[in-house]
Number of protein chains: 2
Amino acid sequence: MTSRRDIEDDRRDLAAMTVPLGRALMAGEQPILAAHDLTMWAYIVLAALSRSPSRTQAALADAIGADRTRIIPVLDDLQARRLIDRTADPTDRRVRLLSLTSEGQRVFRSTRTAIRAYERRLLDHLPANDRRAFVRSLARLSELGWSELVSPGGQAGPDSPTR
Amino acid sequence: MTSRRDIEDDRRDLAAMTVPLGRALMAGEQPILAAHDLTMWAYIVLAALSRSPSRTQAALADAIGADRTRIIPVLDDLQARRLIDRTADPTDRRVRLLSLTSEGQRVFRSTRTAIRAYERRLLDHLPANDRRAFVRSLARLSELGWSELVSPGGQAGPDSPTR
DNA sequence: TATTGTTATACTCTATAACTATA
DNA sequence: TATAGTTATAGAGTATAACAATA
């Protein structure tokens with residue numbers, strides 16, 4: 001007879017399930033983002049600034065796991081479209097203070113609402129209990145931080161990539 | 001008072017949690033794969049062939065969501081190391097029959113065992129119930145296939161990428 | 001001298017197109 | 001002519017390095 005443990009172990013690796021799922025989720029968001037005239041990176045920036053304004057671009061890049069140099073064209077565009085404010089700090093003119101404009105907030109909220117509707121349709125494939133546990137677990141693992149994810153309970157492990 | 005629904009909706013997007021988790025899982029597997037002298041793609045190929053041998057390279061590429069052209073150097077290497085058999089089908093000499101050698105099976109199994117141990121340490125961060133529900137849900141969603149993931153219950157949606 | 005932001009360059013991964021051989 | 005496999009090339013996305021401004 002086959003034990004419960006054997007059954008559970010007969011599955012794909014977590015990475016082999018998680019990575020393609022992530023790609024599919026990004027692809028699923030794509031048309032929604034396009035309908036709101038946002039790129040993925042632009043949306044990520046708006047989301048980060050909606051959580052909290054940022055005092056430097058480097059801090060923002062760090063918060064979203066992006067390279068410092070890569071968000072610059074994104075910020076240029078968002079600023080030109082008046083979705084973010086980006087002003088030099090008077091007390092340290094090297095620094096750029098970043099925050100959402102009210103229009104930026106509006107665009108972000110409406111985009112996120114559409115994305116949540118998409119996610120709800122997707123999660124409908126799971127029974128209600130599992131659905132809650134799944135989202136909760138995902139959130140929990142996401143909070144862990146790079147090094148604990150890469151080598152749980154363990155030593156150093158490989159460095160975090162810039163993104 | 002805040003409703004349960006509001007609390008649940010105050011979270012990151014699924015993609016924003018899933019994609020970084022996937023990257024971390026890949027990074028976590030990296031040292032294990034290196035210790036077994038395998039690249040990620042080599043491991044993916046071994047895993048696919050362990051599930052079922054493949055009659056053509058194209059079918060294998062398709063099964064693992066890879067480009068036909070990209071697995072070729074991987075197969076060259078695995079063959080040179082006697083981890084896979086790769087012989088021309090006598091009935092159609094265009095075709096390459098692919099299967100694991102017994103050494104390939106051994107390497108794959110021992111690598112997967114190490115990866116499972118890593119995953120277990122990681123999943124220890126979740127309560128036992130959630131852990132089971134999480135893995136079960138991940139498996140369920142993974143079975144859905146690209147188009148259902150991208151536009152659940154919906155229309156066409158963007159094409160699947162080659163990988 | 002150190003740091004923020006920026007620009008220019010290089011690199012990695014992936015996809016596309018062109019070629020060979022079989023059918 | 002169509003298909004499997006292969007090779008060579010081009011493209012996207014990303015990271016690295018060098019630079020200007022400010023502290």
Side-chain angles (χ1 to χ4, degrees), chain A residues 15 19-20 22-24 26-27 29-30 33-34 39-45 49 53-80 84-99 146 158-163, chain B residues 15 19-20 22-24 26-27 30 33 39-45 49 53-80 84-99 146 158-163:
Chain A
V19 172
R23 281 188 222 273
M26 280 182 38
E29 289 190 4
Q30 210 54 71
L33 294 172
T39 65
M40 180 68 74
W41 279 112
Y43 175 68
I44 291 172
V45 164
L49 292 180
S54 184
R55 213 186 76 83
T56 71
Q57 295 184 181
L60 172 64
D62 213 53
I64 64 181
D67 193 282
R68 272 186 318 154
T69 67
R70 222 166 54 215
I71 61 172
I72 291 175
V74 178
L75 295 176
D76 290 346
D77 177 63
L78 289 174
Q79 181 181 28
I84 63 170
D85 277 326
R86 186 200 206 182
T87 59
D89 183 340
T91 73
D92 181 346
R93 299 203 1 255
R94 292 174 304 182
V95 162
R96 304 280 175 279
L97 302 171
L98 302 168
S99 60
W146 181 262
D159 264 2
S160 163
T162 317
R163 81 159 290 186
Chain B
V19 172
R23 283 189 220 274
M26 280 182 37
Q30 209 56 70
L33 295 172
T39 64
M40 180 68 73
W41 279 112
Y43 176 68
I44 292 173
V45 164
L49 292 180
S54 184
R55 214 186 74 83
T56 71
Q57 295 184 182
L60 172 63
D62 213 52
I64 64 182
D67 193 282
R68 271 186 318 153
T69 68
R70 222 165 55 216
I71 61 173
I72 291 175
V74 178
L75 296 176
D76 290 346
D77 177 63
L78 289 174
Q79 181 181 28
I84 63 170
D85 277 326
R86 186 201 205 182
T87 59
D89 183 341
T91 74
D92 181 346
R93 301 208 354 261
R94 292 174 304 181
V95 162
R96 304 281 174 279
L97 303 171
L98 302 169
S99 60
W146 180 263
D159 263 3
S160 163
T162 316
R163 83 156 289 187

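Chain identifiers are assigned alphabetically (A, B, ...) following the order of the sequence lines, protein sequences preceding nucleic acid strands; residue numbering begins at 1 within each chain.
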Excluding sequence neighbours, so at least two apart, what forms salt bridge (Lys or Arg N to Asp or Glu O under 4.0 Å) with [X]?
{"X": "A/Asp85", "value": "none"}
{"X": "B/Asp62", "value": "none"}
{"X": "A/Arg93", "value": "none"}

At under 4.0 Å, does any side-chain N or O of A/Arg70 touch on OP1 or OP2 of D/dA15? yes
D/dT14 phosphate, OP1 or OP2, under 4.0 Å from A/Trp41 side-chain N/O: yes
If you restrict it to nitrogen or oxygen atoms, what contacts under 3.5 Å exist between nucleotides 8-12 of chain C and the protein, and what is each distance?
none

Over how many whole Å does the gap from [X] atom [atom1] to [N] atom [atom2] extend?
{"X": "A/Met40", "N": "D/dA12", "atom1": "CE", "atom2": "C1'", "result": "15 Å"}
{"X": "B/Asp67", "N": "D/dT9", "atom1": "CG", "atom2": "P", "result": "17 Å"}
{"X": "B/Arg93", "N": "C/dA21", "atom1": "CZ", "atom2": "C1'", "result": "9 Å"}
{"X": "A/Gln30", "N": "D/dA12", "atom1": "CD", "atom2": "P", "result": "15 Å"}
{"X": "A/Ile71", "N": "C/dG5", "atom1": "CD1", "atom2": "C1'", "result": "10 Å"}
{"X": "A/Arg23", "N": "C/dA15", "atom1": "CZ", "atom2": "P", "result": "8 Å"}
{"X": "B/Asp89", "N": "C/dT22", "atom1": "CG", "atom2": "P", "result": "13 Å"}
{"X": "B/Leu75", "N": "D/dT7", "atom1": "CG", "atom2": "C1'", "result": "15 Å"}

Who pairs with A/Arg55 by side-chain contact (heavy atoms from CB on, under 4.5 Å), at least two apart in sequence or on another chain? A/Asp89, A/Val95, A/Leu97
Taking the side chain as every heavy atom from C-beta outward, state whether [X] and [Y] have any pair of such atoms under 4.5 Å apart.
{"X": "A/Ile71", "Y": "A/Ile64", "value": "yes"}
{"X": "B/Arg94", "Y": "B/Thr56", "value": "no"}
{"X": "A/Thr39", "Y": "A/Asp77", "value": "no"}

Listing time: all N or O pairs from protein to nucleotides 1-5 of chain D that are below 3.5 Å?
| residue | atom | partner | partner atom | Å |
| --- | --- | --- | --- | --- |
| D/dT3 | O2 | B/Arg94 | NH1 | 3.1 |
| D/dG5 | OP1 | B/Gln57 | N | 2.7 |
| D/dG5 | OP1 | B/Arg96 | N | 3.2 |
| D/dG5 | OP2 | B/Gln57 | N | 3.0 |
| D/dG5 | OP2 | B/Ala58 | N | 2.8 |
| D/dG5 | N7 | B/Arg68 | NH1 | 3.1 |

Looking at every heavy atom in both B/Arg23 and A/Trp146, which two are closest together, and how far apart are they? O-CH2, 3.9 Å
Between CD1 on residue B/Ile84 and CZ on residue B/Arg96, distance to nearest 0.5 Å: 11.5 Å
